[in-house]
Amino acid sequence: MQFSIAAVLIGVLVASAAGFDRQALHASPPSEPSTTEDANKLATQGYLVYAGQFPYHAGLFIRNDVDPGTTLAAGSLITPNYVLTAADILRSSISRANTTYGYALFGTDDGLDQSRLQRINFNESDIELHPRYDIATIRLEHPVTFTAFVQPIRLPRLSDARSYARMEGTNVGSGGLWRYVRNEILTNGECGSLFPESSIDEQQICTNAYVGGSFCNRRHGSGLTVLDKSGPLLVGVISLFYQCTENYPTVFVRLSKVSDWIAANSDYVYDS
């Protein structure tokens with residue numbers, strides 16, 4: 001899909017210039033309520049995922065011994081043994097209970113054919129948290145079985161210096177029926193202009209809610225993918241998002257900038 005520069009500029013001009021609070025985190029809108037002008041008329045529940053469409057996507061179900069419920073998150077399968085996800089939600093669970101555990105669910109959860117689903121447990125000892133960025137790896141209790149519905153996804157080559165700006169990025173949500181949305185990827189300069197009180201640095205990548213719609217089904221840890229000549233490529237892990245009625249960009253950790261850490265904390269083998 002091709003996007004016009006004019007569409008991006010309209011999104012940038014209409015969007016609010018208020019900064020974001022990283023501690024308020026992922027589903028919280030800015031402190032001041034949105035005006036009619038700020039509201040994103042393109043808010044969407046996204047599109048239903050069909051079986052095998054995103055075989056790398058994982059639903060994560062996180063528990064501990066203090067909180068009574070289960071926290072829903074998401075991740076991306078990068079090898080038979082490892083899932084790449086966000087760190088903050090795992091770190092929060094560990095800090096509250098000194099431990100956390102759960103399971104990953106693979107295979108499209110459309111509520112129809114449960115036989116294609118694979119459920120694999122993990123424990124706190126299987127989790128590695130990045131010391132600075134909102135990214136983590138989870139080692140599964142046992143490897144997944146590759147099927148048409150469960151497959152790993154590629155990460156950027158070590159020599160890949162692309163910004164991915166103007167490319168179409170896909171993000172999958174979890175919880176209930178899985179859904180997805182596609183948005184244009186912004187330059188970091190455009191993204192930073194929407195968050196003037198906070199720094200959008202080279203370790204981040206943003207998508208534009210005004211080209212593709214503001215998604216209402218995002219999950220902590222879900223991946224941002226692009227399509228290049230070799231197929232789907234995982235380029236980001238979600239770090240900050242607002243409610244679907246807000247027009248702020250969605251911010252991801254840029255995976256090409258943390259490849260050394262991923263290699264050291266998983267069994268992923270990078271192409272040069």
Side-chain angles (χ1 to χ4, degrees), residues 26 44-63 69-87 89-90 93 100-124 126-128 135-155 168-183 215-228 230-238 241 252 255 262 265-269:
H26 313 276
T44 177
Q45 295 295 329
Y47 306 96
L48 281 173
V49 174
Y50 63 77
Q53 186 176 10
F54 303 110
Y56 58 85
H57 183 70
L60 298 181
F61 299 77
I62 302 167
R63 306 204 65 180
T70 298
T71 300
L72 300 181
S76 300
L77 184 69
I78 58 171
T79 77
N81 300 296
Y82 277 88
V83 169
L84 195 59
T85 185
I89 196 165
L90 292 164
S93 182
T100 195
Y101 52 89
Y103 65 91
L105 190 67
F106 302 94
T108 307
D109 188 8
D110 58 8
L112 298 176
D113 186 357
Q114 300 296 305
S115 66
R116 59 175 165 250
L117 298 179
Q118 296 182 44
R119 172 175 167 167
I120 303 178
N121 293 338
F122 60 84
N123 294 297
E124 184 181 347
D126 303 319
I127 297 170
E128 296 292 340
I135 192 170
T137 58
I138 297 176
R139 180 171 55 85
L140 302 171
E141 191 175 77
H142 61 81
V144 300
T145 299
F146 289 159
T147 69
F149 310 104
V150 180
Q151 292 285 327
I153 190 168
R154 294 180 301 133
L155 298 177
E168 184 179 69
T170 299
N171 182 232
V172 183
S174 300
L177 299 180
W178 291 3
R179 292 177 177 268
Y180 71 96
V181 72
R182 291 190 168 116
N183 295 99
F215 191 34
C216 306
N217 292 279
R218 299 194 194 276
R219 289 290 177 194
H220 303 275
S222 61
L224 176 68
T225 63
V226 298
L227 192 64
D228 64 14
S230 299
L233 181 70
L234 184 67
V235 299
V237 168
I238 201 165
F241 60 91
F252 300 79
L255 298 184
I262 293 172
N265 291 278
S266 74
D267 58 3
Y268 188 85
V269 177

Problem set entry | Pairwise distance CZ(Arg182) to CG(Leu224) - rounded to 0.5 angstrom | 11.5 Å
Exercise. Which heavy atom in Phe149 sits nearest to a heavy atom in Ala51, and how many Å separate them?
Worked result: CE2-CB, 3.7 Å
Problem set entry | Exercise: do Thr79 and Asp267 side chains pair donor with acceptor under 3.5 Å | yes
Seminar exercise, completed: Tightest non-hydrogen contact, residues Gln118 and Thr147, listed as NE2-CG2, 3.8 Å
Exercise. Hey, what do you get for CD1 (Ile153) to CG (Leu233), rounding to the nearest 0.5 Å?
Worked result: 7.0 Å
For this session: Sequence neighbours left out, what passes side chain to side chain contact (heavy atoms under 4.5 Å, CB included) with Thr71? Give chain and number order.
Result: Ile62, Ile89
For this session: Specify whether Trp178 and His57 have parallel, tilted or perpendicular ring planes, treating 30° as the upper limit for parallel and 60° as the lower limit for perpendicular.
Result: perpendicular
Problem set entry | Test ring-ring contact (aromatic ring centres under 6.0 Å, His included) applied to Tyr101 - qualifying residues, sequence neighbours left out | none
Between side-chain atoms of residues 138-146 and protein atoms elsewhere (two or more places apart, or another chain), which donor-acceptor pairs fall under 3.5 Å?
from: Arg139; atom 1: NH2; to: Asp126; atom 2: OD1; distance (Å): 2.8

For this session: Output the distance between atom CG (Leu60) and atom NE2 (His220), rounded to the nearest 0.5 Å.
Result: 11.5 Å
For this session: Find out whether Thr225 and Val172 are in side-chain contact, i.e. whether some heavy atom of one side chain is under 4.5 Å from a heavy atom of the other.
Result: no
Exercise. Quick one: does Thr85's side chain have a donor or acceptor within less than 3.5 Å of a partner on Ala136's backbone?
Worked result: no
Exercise. Do Leu227 and Pro232 come within less than 4.5 Å of each other through their side chains, counting heavy atoms only?
Worked result: yes
Exercise. At what distance, to the nearest 0.5 angstrom, does CG of Leu255 lie from OG of Ser76?
Worked result: 8.5 Å
Seminar exercise, completed: dist Ile120:CD1 -> Leu77:CG (nearest 0.5 Å) comes out at 8.0 Å
For this session: Look at the side chain of Asn171 and the backbone N and O of Gly223, then say whether any donor-acceptor pair between them is shorter than 3.5 Å.
Result: yes
Seminar exercise, completed: Rounding to 0.5 Å, atoms CG (Leu105) and CG (Leu117) come to a distance of 5.0 Å
For this session: Tell me, please, which residues at least two apart from Phe122 pass ring-ring contact (aromatic ring centres under 6.0 Å, His included).
Result: none
Exercise. Taking the side chain from Ser222 and the backbone from Gly75, do they hold a donor-acceptor pair closer than 3.5 Å?
Worked result: no
Exercise. Can you check whether Asn265's main-chain N or O pairs, donor with acceptor, with Thr137's side chain at less than 3.5 Å?
Worked result: yes
For this session: Taking the side chain as every heavy atom from C-beta outward, state whether Leu84 and Tyr268 have any atom pair closer than 4.5 Å.
Result: no
For this session: Not counting sequence neighbours, which residues clear salt bridge (Lys or Arg N to Asp or Glu O under 4.0 Å) with Arg154? List them please.
Result: Asp228
Exercise. Shortest non-hydrogen contact from Arg219 to Leu72?
Worked result: NH2-CD1, 3.7 Å
Exercise. Got a sec, which residues hit ring-ring contact (aromatic ring centres under 6.0 Å, His included) with Tyr56, two or more places apart in sequence or on another chain?
Worked result: none
Seminar exercise, completed: Here the pair of heavy atoms bringing Leu48 nearest to Tyr180 is O-CE2, 3.6 Å
Problem set entry | Non-hydrogen atoms of Phe215 and Gln45 that approach each other most closely | CE1-O, 3.3 Å
Exercise. Which pair of heavy atoms, one from Ile238 and one from Arg218, lies closest together, and at what distance?
Worked result: CD1-CD, 3.5 Å
Problem set entry | Trace of the side-chain contact (heavy atoms from CB on, under 4.5 Å) decision for Phe106 with Val83 | CA-CA 11 Å; Phe106 302 94; Val83 169; 3.6 Å; yes
